[in-house]
Trainee: 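Have a look at this one.
Note that these values count all heavy atoms, side chains included, but never hydrogens, waters or copies made by symmetry.
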Amino acid sequence: MRILLSRAGRALPVIAAAAALAAVTALPVATATAAAASPVARAAVGDEAPYIVTVHKDFDPATVARMVGASPDYVYRTALHGFSARLSPGQVAALHVIPGVESVQEDGGVSSFGTTG
């Protein structure tokens, strides 16, 4: 019985991700061609912003990106487990409901124009 419980425990994240993907694909899409291209309608390039997405170590970052129709600029697997990509607001919303996605942060510039104490 213990083996069955541990297998079920390992299958739970996969089942949750599949349920989230089903929920995302059930969302209304602007056009039929957009629905065929990806589960989330792609926004115009001007509506996309750069994001860094971190995922749980048991999830493949590239697979998570494909689930929302994103094309990663980089996939991180060492110090950071996730990907960076330009995402539309719809893709960001879809990532927030996928179990295993730990954070979705807009990538911004960093400046050192401060005073030192």
Side-chain angles (χ1 to χ4, degrees):
M1 185 66 167
R2 183 179 179 139
I3 293 172
L4 292 175
L5 289 175
S6 82
R7 285 183 183 162
R10 285 187 299 222
L12 187 58
V14 174
I15 293 169
L21 179 60
V24 168
T25 57
L27 294 173
V29 182
T31 64
T33 57
S38 69
V40 177
R42 300 281 300 178
V45 174
D47 291 342
E48 294 180 340
Y51 282 85
I52 296 177
V53 179
T54 57
V55 299
H56 189 271
K57 64 179 178 145
D58 293 336
F59 288 84
D60 177 39
T63 301
V64 173
R66 282 192 301 271
M67 289 173 70
V68 297
S71 298
D73 296 324
Y74 298 100
V75 175
Y76 307 103
R77 298 182 194 277
T78 308
L80 179 71
H81 194 72
F83 64 93
S84 64
R86 294 191 68 78
L87 302 173
S88 70
Q91 290 170 316
V92 172
L95 283 166
H96 282 293
V97 299
I98 296 176
V101 173
E102 294 177 346
S103 70
V104 182
Q105 297 293 321
E106 191 166 357
D107 192 7
V110 177
S111 173
S112 63
F113 293 119
T115 59
T116 57

Trainee: Start with the C-alpha gap between Val55 and Glu102, add the side-chain angles, then the distance that decides, and say whether side-chain contact (heavy atoms from CB on, under 4.5 Å) holds.
Mentor: CA-CA 5 Å; Val55 299; Glu102 294 177 346; 5.8 Å; no
Trainee: Between Ala70 and Leu87, what is the shortest heavy-atom contact and its length?
Mentor: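 Heavy atoms only, the tightest pair is CB-CD2, 3.5 Å.
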Trainee: For residues Pro72 and Phe83, report the shortest heavy-atom separation together with the two atoms involved.
Mentor: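 Looking at all heavy atoms of both residues, the shortest contact is CB-CB, 4.1 Å.
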Trainee: Is any side-chain heavy atom of Val101 less than 4.5 Å from a side-chain heavy atom of Thr54?
Mentor: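 Of all side-chain heavy-atom pairs linking Thr54 with Val101, none is under 4.5 Å.
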Trainee: Which value, rounded to the nearest 0.5 Å, describes the distance between Ser88 atom OG and Asp47 atom CG?
Mentor: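 That separation rounds to 8.0 Å.
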Trainee: Under 4.5 Å between side-chain heavy atoms, hopping through other hydrophobics if needed: is there a path connecting Val92 to Val53?
Mentor: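 Yes: a chain of side-chain contacts under 4.5 Å links Val92 to Val53.
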Trainee: Once salt bridge (Lys or Arg N to Asp or Glu O under 4.0 Å) is applied, do any residues pair with Asp60, and if so which ones, sequence neighbours excluded?
Mentor: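 Checked Asp60 against salt bridge (Lys or Arg N to Asp or Glu O under 4.0 Å); matches are Arg77.
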Trainee: Which heavy atom in Gln91 sits nearest to a heavy atom in Gly69, and how many Å separate them?
Mentor: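 Between these two residues, the closest heavy atoms are NE2-O, 3.2 Å.
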Trainee: Would you give the length of the straight line joining atom OH of Tyr51 to atom OG of Ser103, rounded to the nearest 0.5 angstrom?
Mentor: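 Answer rounded to 0.5 Å: 12.0 Å.
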Trainee: Of the non-hydrogen atoms in Phe59 and Gly100, which two are nearest, and what is the gap between them?
Mentor: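 Looking at all heavy atoms of both residues, the shortest contact is CE1-CA, 3.5 Å.
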Trainee: Between Ile98 and Ala94, what is the shortest heavy-atom contact and its length?
Mentor: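 Heavy atoms of Ile98 and Ala94 come nearest at CG1-O, 3.4 Å.
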Trainee: If you round to the nearest 0.5 Å, how far is CG of Asp107 from CZ of Arg86?
Mentor: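 Rounded to the nearest 0.5 Å, the CZ-CG separation comes to 10.0 Å.
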